[in-house]
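Encoded as structure tokens, the structure appears first; notes follow it.
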Amino acid sequence: MLIHGRAAAQVPDFEDLAQKDTSSPEPGTGRGRRHGTSSTEPFDRWFRYPAGFASDYVELLLDRLQLPKSSLVLDPFAGSGVTGTSARRMGHSFYGIEAHPAVAELASLKLLPPPANPTEFLACAKDLVAAADRNSSRLQGNLGSEADLIRRSFEPSVLAKLVAVRELIESGQAQEWSLHAKWSLLSTLRDVAAVRVGWPYQNPSQERKALYSDPLARFLQRAEWISEDLSGLTLREDEPDRRLQAVHGDSTKLRSWQPLAGDLGDGCVSSPPYLNNFDYADATRLEMYFWREVDSWAELCSMIRSKMITATTQQSRVATALAATQKLVKFGDVATKIAGLTKELEKERVSRKRGKEYDRVVPDYFASISDVLTNLAANLRPGAPVVWLIGDSAPYGVFIDTPAIISALAAQVGFTAEQNVILRRRGQRWSKNTTRHTVDLSERLLLMRRN
Ligand SMILES: C[S@@+](CC[C@H](N)C(=O)[O-])C[C@H]1O[C@@H](n2cnc3c(N)ncnc32)[C@H](O)[C@@H]1O
């Protein structure tokens, strides 16, 4: 069959990616997307984003989709751009949308055309280090204007060096390498912090030994990796015609798709936020405060978190949940299913002294996902395959089959669900009333196809 001049690929099979038992490794690195972006793979290692894919896993998925060379791959939840860099390595074009401004900046930086002389960046980083070393003693007694979280996270001598590099970058010393220097510095922070800053949340009240004692040496190491990864990029002959773009935006909104200017995607590999109360904005608080992108918790919430799909109770609002429930009505049976879950969750909430508002998250989450699916359908060519990795969840023991609900919503906005593969099982405990019990949760791969 020919679809828009292209032969329709055979339905790829993902069943063999299912983990046989909890001890057997997943294909690719064996990491799937379980532990965030890799700290060793080129480009992934620029910054370890905890929500990120492992790039070799994405390559494996893209390979299974058998897209013709130079296909346009879409990712409405682009994160740190792992689908983008994988698509580039495989000779494809890419368009991704990411709501977190800093994470979108990182994704977009990774996808810039290869610089003519990437080793210049290393020379620039060395100059920054030499100058920062000279300036840092002046700064050490002068760190009072740094945010409390930042002052509590580092030894003063370490912080003075970090701030000295930041000041040099801000004053333009890194010239065209400013963003590369910025990300080398931001990814150094967790390496040299003297308190617990493990993902997802920073805890400045718990001390730990810094993983690396010399912030300037670590910054240089990170700059070296970036320079190496850029040097490894070969400017392919067809590269100038390839779109490689990650934008800061909200994929529920049509305007975020407008830069595509009518080009239709040939496939999609993505992973939406899970309904698991993981707060992507809070998780990057250390970096946001250090770079002074935000000055307060309220600013972090209004500038970053409020633009993301509601997947945490902290984002939930009564009015938004009600509006979402109304909006979902047109989806018929699946809306009834979501409304039923909402009721159960409300019952659980009110039965607790300080119950969490999962009942307000769920309708909002699925209404937003339906918007993203609608926009994705409008921007994919007929027959295009879509792979989404997504887990189910069970707040207060109420099982929410997120992948099945997403498939049902997708079926009503122009997709056919082809596979729903359990990649791995992850037992999880939730307290229901006063008894604790285990709900068997799983991470799934959804294969859908644009009709
Ligand atoms: C599971 S992560 C995907 C990470 C990505 N696969 C990677 O490798 O880095 C989901 C991402 O969706 C982003 N996000 C949340 N709401 C969004 C929205 N409305 N539009 C675009 N991105 C959004 C989050 O900030 C997060 O980075």
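In listed order, ligands and their atoms are each counted from 1. The residues of the chain are indexed from 1 along the displayed sequence. As the structure is a computational prediction, the values presented were derived from the model and not from experiment.
Legend: ring pair (Phe, Tyr, Trp, His ring centres under 6.0 Å) pairs involving residues 85-104, not counting sequence neighbours: none detected.
Below 4.0 Å from some heavy atom of V82 lie the following atoms of ligand 1, by number and element: 8 (O). For ligand 1, the atoms lying closer than 4.0 Å to a non-hydrogen atom of S271 are 1 (C), 2 (S), 3 (C), 10 (C). For ligand 1, the atoms sitting less than 4.0 Å from at least one non-hydrogen atom of G249 are 20 (N), 21 (C), numbered in the order shown with element in parentheses. The ligand atoms of ligand 1 that sit less than 4.0 angstrom from a heavy atom of I97 are 21 (C), 22 (N). Close contacts of ligand 1 with G79, meaning ligand atoms under 4.0 Å from a residue heavy atom, involve 4 (C), 5 (C), 9 (O), 27 (O).
For a threshold of 3.5 Å applied to N or O pairs, the pair formed by S80 and ligand 1 contains at least one separation below that value. Among the atoms of P273, none of the N or O lies under 3.5 angstrom from an N or O of ligand 1. The shortest N or O to N or O distance between Y280 and ligand 1 is not under 3.5 Å. Considering backbone and side-chain atoms alike, I309 places an N or O below 3.5 Å from some N or O of ligand 1. At under 3.5 Å, a nitrogen or oxygen of S251, whether backbone or side chain, sits near a nitrogen or oxygen of ligand 1. When only interatomic distances are considered, the shortest N/O to N/O separation between E98 and ligand 1 falls below 3.5 Å.
Using a 4.0 Å cutoff on heavy atoms, A281 does not count as a contact of ligand 1. At a 4.0 Å cut-off, not a single heavy atom of V103 sits close enough to ligand 1 to count as contact.
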### Query
Can T252 and D371 be said to form a side chain to side chain donor-acceptor pair (under 3.5 Å), step by step?
CA-CA 5 Å; T252 66; D371 285 340; 5.0 Å; no
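Counting only distance, with no hydrogens or angles, the side chain of S93 and the backbone of L244 share no donor-acceptor pair below 3.5 Å. A donor-acceptor pair is defined here as one N or O able to donate and one able to accept, closer than 3.5 Å; no such pair exists between the side chain of D266 and the backbone of L67. The backbone N or O of L322 sits nowhere less than 3.5 Å from a side-chain atom of R317 that would complete a donor-acceptor pair.
Only the backbone of P272 comes within contact range of ligand 1, with a heavy atom under 4.0 Å; no side-chain atom does. The side chain of Y49, and not its backbone, has at least one atom closer than 4.0 Å to an atom of ligand 1 (non-hydrogen atoms only; side chain from C-beta on). The residue S256 has no part lying near ligand 1, judged by heavy-atom distances below 4.0 Å. Looking at S270 against ligand 1, nothing comes within 4.0 Å, counting heavy atoms.
Electrostatic pairing of E146 and R152 does not count as a salt bridge here, judged by no charged N lying under 4.0 Å from a carboxylate O. Comment: E357 does not engage R349 in a salt bridge, judged by the lack of any side-chain N to carboxylate O separation of less than 4.0 angstrom. Contact check on E348 versus R352 returns a salt bridge, with a Lys/Arg side-chain nitrogen under 4.0 Å from an Asp/Glu carboxylate oxygen.
Other residues, nucleotides and ligands contribute only 12 or fewer heavy atoms inside 6.0 Å of the NZ atom of K337.
Taking the six-membered ring for Trp and thresholds of 30 and 60 degrees, F121 and H180 have ring planes inclined between 30 and 60 degrees apart.
Between the side chains of T416 and N451, at least one donor N or O sits under 3.5 Å from an acceptor N or O.
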